[in-house]
Undergrad: 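Can you keep this structure in mind? I'll have questions shortly.
On a predicted model such as this, the values are computed, not experimentally measured, just so you know.
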Amino acid sequence: MKDNIVIITGITASGKSELCDNLIEKYGNIGIINCDSKQVYKEIPIITAQPPKQEVFYKLYGYVSARENYSVGLWLEDLEKEVNHALENAQIPIITGGSGLYISSLIKGLSSMPQISQEVRKNVSELRKNLSKEEFYKLVLNRDSKIQGKIFINDSHRLSRALEVITETGKSIFVWQEHRQPPLFNNFKIYTILPRREDVYQKINSRFITMVENGVIDEVKKLLSMNLAPHLPAMKAHGVPEIIKYLKGELSLNEAIQIAQTNTRHYAKRQYTWFKNQFPNAEIIDCASKLTEFGIF
């Protein structure tokens with residue numbers, strides 16, 4: 001039965017959500033299980049493009065408080081329960097989302113990465129803020145030479161993570177990643193959706209405008225009123241930092257929209273490279289609708 005697990009991943013704005021709606025219509029007996037690290041947070045459904053609440057088909061969306069520093073380890077525990085529940089109810093589990101770490105941990109097993117102390121997180125965050133991109137990259141490379149050719153200058157999130165790990169443990173993040181727990185499931189079919197870049201960039205731009213029209217400013221205003229620590233994952237969801245700057249009067253709305261669009265496009269560009277090289281067994285699809293047309297089994 002476990003052969004029937006399907007993973008649909010791919011870059012942001014590649015049409016995964018629309019595809020899942022179409023697959024529900026086509027097959028009926030499926031359960032969509034989220035593997036996007038930001039779509040788990042209940043306070044930010046609009047800015048993370050969560051599907052509207054349909055408990056029957058959609059699982060692990062909008063169920064964690066933004067106050068929590070939810071982790072990939074916790075997600076794997078929740079995922080295992082949902083997959084087993086779907087299989088017990090004769091549903092085919094379709095795990096979907098674009099968070100690289102989540103997908104990687106699901107397919108390859110979770111690396112036994114240590115906890116990072118708040119003090120180290122704070123120090124790394126300060127360094128990232130106060131140094132230029134070039135200076136920060138050189139600093140991390142200096143501390144951990146194994147990042148050479150693996151983490152690049154624009155990937156500030158992964159650079160920060162590498163610096164946190166080597167500062168906390170004295171060992172490279174890549175040494176830790178070699179020690180993995182066995183994966184949850186061994187038999188699954190994986191599809192990676194990588195449409196034409198121009199189409200994705202266009203969709204990113206128009207999607208953010210739609211989010212603003214659908215009340216994203218109020219959503220972020222409520223998030224801001226919770227007085228959360230800036231390092232929490234919900235505060236780093238695409239578009240949240242830019243809207244916060246707008247609400248604080250540091251940017252005009254137009255500037256906030258443009259910067260959010262640019263940052264999300266840059267993220268999509270990095271995802272292209274990452275997804276192309278990560279999962280050699282994946283079937284790469286250039287258009288999500290092909291999976292509805294030709295089927296996923």
Undergrad: Determine whether K245 and E255 make a side-chain contact, defined as any pair of heavy atoms from C-beta on separated by less than 4.5 Å.
TA: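 With C-beta onward as the side chain, the pair stays apart.
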Undergrad: Tell me whether E283 is salt-bridged to K290, with the criterion being a basic N under 4.0 Å from an acidic carboxylate O.
TA: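 Answer for the salt bridge query: no.
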Undergrad: Quick one: closest heavy-atom pair of F57 and G28, and the distance?
TA: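 The answer is CE2-O, 3.1 Å.
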Undergrad: Please check: side-chain N/O of Q148 versus main-chain N/O of S145, any donor-acceptor pairing under 3.5 Å?
TA: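 Not at all, since once roles are kept as given, no pair shorter than 3.5 Å links the two residues.
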Undergrad: With distance as the sole test, does T167 use its side chain to make a donor-acceptor pair with the main-chain N or O of L163 at under 3.5 Å?
TA: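 At least one qualifying donor-acceptor pair exists.
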Undergrad: Taking atom types as modelled, find out whether Y246 and E242 have a side-chain donor-acceptor pair closer than 3.5 angstrom.
TA: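 Short answer, no.
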Undergrad: With a 3.5 Å distance limit and no angle check, can you tell me whether Q261 reaches the backbone of N205 through a side-chain donor-acceptor pair?
TA: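 Judged by distance alone, yes, a pair lies under 3.5 Å.
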Undergrad: Closer than 3.5 angstrom, by distance alone: can the side chain of K133 be matched with the main-chain N or O of I153 as a donor-acceptor pair?
TA: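 No.
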Undergrad: Using the rule given for side-chain contact (heavy atoms from CB on, under 4.5 Å), can you reason through L101 versus W75, listing the C-alpha separation, both sets of side-chain angles and the distance that settles it, and then say yes or no?
TA: CA-CA 11 Å; L101 178 61; W75 172 76; over 6 Å; no
Undergrad: Any side-chain to backbone donor/acceptor pair from K26 onto T292? Under 3.5 Å, distance only.
TA: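 Confirmed, K26 side chain pairs with T292 backbone.
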Undergrad: To check you understand the geometry: which heavy-atom pair defines the closest contact between C35 and G97, and what is its length?
TA: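 For C35 versus G97, the nearest heavy atoms are SG-N, 3.4 Å.
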Undergrad: Using side-chain heavy atoms (C-beta onward) and a distance below 4.5 Å, is P195 in contact with S14?
TA: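 A side-chain contact under 4.5 Å exists here.
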Undergrad: Measure centre to centre between the rings of F185 and F188, then say whether the value is under 6.0 Å.
TA: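 No, they do not, as the ring centres are separated by 6.0 Å or more.
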Undergrad: With N34 as reference, evaluate T48, L60, T96, L79 under the side-chain contact (heavy atoms from CB on, under 4.5 Å) test and give the passing residue.
TA: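 For N34, the side-chain contact (heavy atoms from CB on, under 4.5 Å) test succeeds with only one of T48, L60, T96, L79, which is L60.
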Undergrad: Minimum heavy-atom separation for P45 and E219, please, with both atom names.
TA: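 For P45 and E219, the tightest heavy-atom pair comes out as CD-OE1, 3.1 Å.
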Undergrad: State whether the side chain of S37 and the backbone N or O of S99 hold a donor-acceptor pair below 3.5 Å, judged by distance alone.
TA: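 No; zero donor-acceptor contacts below 3.5 Å.
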Undergrad: What are the two closest non-hydrogen atoms of L159 and F152, and how far apart are they?
TA: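 It is CD1-O, 3.6 Å.
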Undergrad: Show your reasoning for whether side-chain contact (heavy atoms from CB on, under 4.5 Å) applies to K138 and E135.
TA: CA-CA 5 Å; K138 275 182 191 160; E135 289 167 336; 5.8 Å; no
Undergrad: Within the 4.5 Å heavy-atom criterion, are N187 and I5 side-chain neighbours or not?
TA: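 No, too far: nothing below the 4.5 Å cut-off.
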Undergrad: Taking L110's backbone N and O only, do any of them form a donor-acceptor pair with Q181's side chain (distance below 3.5 Å, no angle check)?
TA: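 Between the backbone of L110 and the side chain of Q181 there is no qualifying donor-acceptor contact (under 3.5 Å).
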Undergrad: Quick one: does D78's side chain get under 4.5 Å of V40's, heavy atoms only?
TA: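 Contact flag for D78/V40 side chains = no.
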Undergrad: Take a 6.0 Å sphere around CD of Q202 and say whether it holds more than 12 heavy atoms from other residues, nucleotides or ligands.
TA: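 Not buried by this count: 12 neighbours or fewer within 6.0 Å.
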Undergrad: I need the single residue from I204, T192, L194, T273 that forms a side-chain contact (heavy atoms from CB on, under 4.5 Å) with I11. Which is it?
TA: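 The single option meeting the side-chain contact (heavy atoms from CB on, under 4.5 Å) with I11 is L194.
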Undergrad: Can you check whether M235 reaches I244 side chain to side chain, under 4.5 Å on heavy atoms?
TA: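 A side-chain contact under 4.5 Å exists here.
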Undergrad: Check K269, R265, R270, Q271 against Y267 for a side-chain hydrogen bond (donor to acceptor under 3.5 Å, both in side chains) and give me the one that passes.
TA: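 Looking at K269, R265, R270, Q271, the match for Y267 under the side-chain hydrogen bond (donor to acceptor under 3.5 Å, both in side chains) is Q271.
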Undergrad: Judged by atom type as modelled, is there a donor-acceptor pair below 3.5 Å linking the side chain of S225 to the main-chain atoms of K222?
TA: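 Yes; judged by distance alone, with no hydrogens or angles, the pair exists.
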Undergrad: Would you say R128's side chain and S156's backbone share a donor-acceptor pair under 3.5 angstrom?
TA: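 The answer is yes, because a donor-acceptor pair under 3.5 Å joins these two groups.
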Undergrad: For atom CD of E198, is the number of surrounding heavy atoms from other residues, nucleotides or ligands below 6.0 Å larger than 12?
TA: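 Yes, because the 6.0 Å sphere around CD of E198 holds more than 12 heavy atoms from other groups.
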Undergrad: For the residue pair F275 and F279, does the interplanar ring angle fall in the parallel (under 30°), tilted (30 to 60°) or perpendicular (over 60°) class?
TA: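 Tilted: the ring planes of F275 and F279 meet at 30° to 60°.
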Undergrad: What closest approach, in Å, do A234 and I44 show between heavy atoms, and which atom pair accounts for it?
TA: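 Smallest interatomic distance, heavy atoms only, reads O-CD1, 3.9 Å.
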Undergrad: Hey, can you tell me if Y70 and Y41 have their rings parallel, tilted or perpendicular (30° and 60° cut-offs)?
TA: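 Y70 vs Y41 ring planes: perpendicular.
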Undergrad: What's the shortest heavy-atom distance between S172 and D144, and which atoms?
TA: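 Residues S172 and D144, closest heavy atoms: OG-OD2, 2.9 Å.
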Undergrad: Go through the steps for V140 and I151 under the test side-chain contact (heavy atoms from CB on, under 4.5 Å), then give the verdict.
TA: CA-CA 10 Å; V140 183; I151 307 180; over 6 Å; no
Undergrad: Taking atom NZ of K122 as the centre, does the number of heavy atoms from other residues, nucleotides or ligands within less than 6.0 Å exceed 12?
TA: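 No - once you tally the heavy atoms of other residues, nucleotides and ligands closer than 6.0 Å, there are 12 at most.
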Undergrad: Tell me, do L232 and M226 make a side-chain contact under 4.5 Å, heavy atoms counted?
TA: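 A side-chain contact is absent here, since even the closest heavy-atom pair is not under 4.5 Å.
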Undergrad: When you measure from the side chain of Y191 to the backbone N and O of L291, does any donor-acceptor pair fall under 3.5 Å?
TA: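 The answer is no, because no donor-acceptor pair under 3.5 Å joins these two groups.
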